[in-house]
J.: 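Take a look at this one; I'll ask things after.
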Amino acid sequence: MGSFDASQQCNLKCQNDFILKKAREVCKCNHQTIITFFCQLFPVLDWLPRYNIKMQLLGDVISGLLVGIVAIPQSISYSLLANQDPIYGIYTNFFCSIIYVAMATSRHNFVGSFGVLCLMIGQSVNRHLQLAGYDDNTGSLLVGNATSSSNGTGTCDRSCYAITVALSLSFLVGLYQILLGVLQLGFVSVYLSEPLLSGFVAGSSLTIITSQMKYLLGLNIPRHEGVGSFILTWVDLFRYIQNTNICDLVTSLVALAIIIPVKMINDRYKDKMKAPFPIELLVVIIATVVSYYLNFEERYKSSVCGAIPTGFRKPTLPDTKLFSSLAVDALPIAIIGFAMTVSLAEIFGKKHGYAVHANQEMIAIGMCNLVPSFFYCFASSAALTKTLLKESTGTQTQLSSLVTSLVLLLVLLWIAPLFYSLQTAILGVVTIVNLRGGLRTFGETPRMWQLSKLDTVVWWTTMLASTLITTEIGLLVGVCFALLCVIFRTQRPRAAVLGKVSNTEIYEDQSAYRQLSSIANIKIFRFESSLYYANKDYFKTALYQKTGVNPVLLAARHHRAETQAKADTGNRKSVFNTAFGCLKPSKKRVEKSPTGIRLPSLDMHTLIIDCGAMQFIDTTGLSVLKETRHDYQELGVQVLLANCNPLLRRRLRDGGWAAGAHGGQLAFHSVHQAVQFAQQWYHEQRESKERRDAALDPEDLSVQASL
């Protein structure tokens with residue numbers, strides 16, 4: 001007993017030593033480990049020392065300047081969408097660009113205000129403003145002081161509370177994204193398929209256009225939130241359309257008539273133009289000058305941006321009291337922001353031949369939301385329009401984002417007050433014209449329908465839910481519906497009977513290809529999905545339909561026929577014995593299946609199931625295969641499996657499939673091997689039957705002769 005305890009203590013000590021050794025190897029800290037860690041966390045430390053000034057600097061500077069020019073009007077207009085003052089949109093693009101430079105693995109992404117996220121932020125902010133009792137008679141935050149009251153009372157006006165909610169929301173969004181990145185949960189974005197994201201962006205674009213229509217018309221209507229806000233907003237637009245501000249309407253139409261054609265020209269000749277013409281900035285400058293000198297604010301009561309402060313504000317802390325009410329709102333914003341950032345990064349990384357790390361991108365975008373939340377910024381992500389512009393204008397590295405930040409810094413320090421007279425109608429126009437990409441997907445749906453009807457249904461479902469319900473619920477509906485479509489595809493997958501391509505060992509679907517030859521008395525069935533509990537019934541239905549043989553039905557039918565035959569024989573037995581008493585019952589052998597049921601007349605002796613598309617099989621699927629083999633063996637038909645992957649063969653072996661297989665054969669590596677085995681087995685069975693028939697009982701022969 002003592003020796004046993006000593007041995008146990010020795011084994012325990014060895015295990016502890018082994019664990020400590022592995023822990024030291026993982027946790028050892030040396031100079032190289034520290035450098036590697038910081039290079040992974042801050043990729044700028046890796047590429048900046050290798051920066052080629054002669055080859056890369058010119059492209060980065062030009063691209064950064066052009067993106068900065070475009071970012072000025074978009075920063076202001078997207079602030080309106082996020083229910084914030086213009087200065088906060090400029091803050092967001094400035095700080096996020098600097099942080100993303102240091103932590104990104106993508107060379108082409110531009111992180112800043114993004115229309116869809118601004119819409120979601122604005123909805124959350126507006127909901128909290130209503131809960132806090134702030135009235136929204138004008139529907140705009142752009143009129144009035146951009147800072148909290150400084151009269152010594154310590155109160156916070158509507159604008160102050162709006163940015164407090166937004167920066168608290170940004171803090172939570174960044175926290176979520178960093179946690180997902182640290183925990184290596186970047187795979188979450190795979191559940192946001194391309195049709196789902198496209199439909200979500202299209203639905204959000206319609207919602208954004210709807211929210212901006214009141215600025216284009218110069219109407220003072222409340223901003224609706226929640227289910228049905230899209231319809232309620234349009235109802236209010238038509239209800240108060242007689243109050244349209246003619247000045248704002250004319251300005252909007254003129255701006256649209258100028259910007260849209262120039263944008264179309266930029267898109268059409270983008271391969272021939274070194275850089276797109278900055279029509280948005282030009283329209284903003286001209287509109288501001290015209291509004292200032294013609295005094296649109298006083299003469300026509302047009303809504304303008306008002307005073308935009310310069311410089312930076314002192315850092316502040318998020319309001320932790322709002323975290324509980326913002327926790328749910330932050331989650332979809334975090335997921336959408338990450339999904340857009342990673343998808344754009346991977347697209348351009350693949351196009352230009354460099355690697356993008358999804359988890360590092362998640363940490364980077366998380367830091368772009370977490371850190372700027374202390375500097376009066378709202379949540380951001382990779383901005384589609386500015387990223388496309390950045391890539392098309394020849395950017396080489398993220399250094400171009402620093403150039404963009406310098407352009408925005410000039411606006412923050414000196415230029416911002418000059419936009420005092422800029423009409424909000426112009427900002428609405430700038431927002432709407434930048435949604436052309438999302439609206440263009442409507443024209444792609446017919447092509448999508450031809451390629452995949454289910455993907456098209458996912459697109460329309462997500463788009464309609466995001467538009468008619470809310471953006472957050474629409475995203476959830478889209479994800480759930482897309483997952484249901486995946487389940488539906490595996491629950492009712494394609495099934496086919498295969499034929500052989502002449503003079504080859506290839507077997508294909510007989511309904512899809514012509515001139516395929518069938519194998520005599522052998523049926524080859526392919527089930528193009530994994531076999532599990534959800535599609536087990538469909539597997540049997542498709543198998544019986546394609547092969548034309550329902551073993552359960554045939555067995556039941558023959559069982560009834562035999563029962564009826566026995567009853568008829570019993571009724572005629574006495575008559576038969578009286579008339580033919582001299583004859584003895586024949587001992588002629590009747591062909592039966594191994595289980596004793598009389599064999600029906602079938603045109604098949606072997607069923608081969610092609611498992612090449614089965615990635616996995618659960619316990620229910622294994623039971624179905626066993627039942628299928630048992631039912632067909634009742635009719636004298638053997639069941640073979642082919643093209644099983646190693647995981648499937650292991651599951652079959654552990655589940656006892658080989659115990660009932662002919663010759664202990666588990667499964668075949670190809671359909672052709674299974675066909676050859678079945679043909680050889682059939683010949684052996686036929687030869688054995690012929691030998692049995694040749695050795696008939698002599699008594700049977702004498703009975704036949706007397707008859």
J.: Compare every heavy atom of Ser97 with every heavy atom of Ser405, then report the nearest pair and how far apart it is.
T.: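 Looking at all heavy atoms of both residues, the shortest contact is OG-CB, 3.2 Å.
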
J.: Ring-plane angle category for Phe442 and Trp460, please: parallel below 30°, perpendicular beyond 60°, tilted otherwise.
T.: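 Perpendicular.
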
J.: Can you name the side-chain hydrogen bond (donor to acceptor under 3.5 Å, both in side chains) partners of Thr244, sequence neighbours left out?
T.: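 So Thr244 forms no side-chain hydrogen bond (donor to acceptor under 3.5 Å, both in side chains) with any residue.
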
J.: May I have the step-by-step check of side-chain hydrogen bond (donor to acceptor under 3.5 Å, both in side chains) for Lys214 and Thr233, ending in yes or no?
T.: CA-CA 9 Å; Lys214 62 181 181 182; Thr233 302; over 6 Å; no

J.: Please list, chain by chain and in numerical order, all residues satisfying side chain to side chain contact (heavy atoms under 4.5 Å, CB included) with Trp449, sequence neighbours excluded.
T.: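 Trp449 satisfies side chain to side chain contact (heavy atoms under 4.5 Å, CB included) with Lys453, Thr456, Val457 only.
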
J.: With under 30° as parallel and over 60° as perpendicular, where do the rings of Phe374 and Phe171 fit, or are they tilted in between?
T.: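 It falls in the perpendicular class, over 60°.
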
J.: How many angstroms lie between atom CD of Glu280 and atom OG1 of Thr431, to the nearest 0.5 angstrom?
T.: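 Taking CD in Glu280 and OG1 in Thr431, the distance rounds to 9.5 Å.
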
J.: Residues two or more places apart in sequence or in another chain: which of them pass ring-ring contact (aromatic ring centres under 6.0 Å, His included) with Phe419?
T.: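 In terms of ring-ring contact (aromatic ring centres under 6.0 Å, His included), with neighbours along the sequence ignored, Phe419 is linked to no residue.
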
J.: Taking ring-ring contact (aromatic ring centres under 6.0 Å, His included) as the criterion, tell me which of Tyr293, Tyr300, Tyr292 meets it with Phe296.
T.: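 With Phe296 as partner, ring-ring contact (aromatic ring centres under 6.0 Å, His included) holds for just one option, Tyr300.
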
J.: Would you please name every residue forming a salt bridge (Lys or Arg N to Asp or Glu O under 4.0 Å) with Glu391, sequence neighbours left out?
T.: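 Glu391 satisfies salt bridge (Lys or Arg N to Asp or Glu O under 4.0 Å) with Lys351 only.
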
J.: Give me the atom names and distance for the closest heavy-atom approach of Gln177 to Ile365.
T.: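 Scanning both residues, the minimum pair turns out to be OE1-O, 3.3 Å.
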
J.: Can you pull out every side chain to side chain donor-acceptor pair (under 3.5 Å) where at least one residue sits in residues 106-123? Sequence neighbours excluded, please.
T.: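 Pairs touching residues 106-123 that pass the test: Asn93-Ser113, Tyr100-Asn109, His108-Tyr354, Gln123-Thr471.
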
J.: Just one of Tyr88, Phe95, Phe94 clears the ring-ring contact (aromatic ring centres under 6.0 Å, His included) bar with Phe375, so which one?
T.: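 Looking at Tyr88, Phe95, Phe94, the match for Phe375 under the ring-ring contact (aromatic ring centres under 6.0 Å, His included) is Phe95.
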
J.: So, Thr105 versus Glu361: side-chain donor-acceptor pair below 3.5 Å or not?
T.: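 Present: a donor and an acceptor within the cut-off.
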
J.: State, to 0.1 Å, how close Ile90 and Ile76 come at their nearest heavy-atom pair, and which atoms those are.
T.: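 Ile90 and Ile76 have their closest heavy atoms at CD1-CG1, 4.4 Å.
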
J.: Going by side chain to side chain donor-acceptor pair (under 3.5 Å), name the pairs with one or both residues in residues 192-201, residues two or more places apart or in two chains.
T.: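 Matches after skipping sequence neighbours: Ser198-Trp459.
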
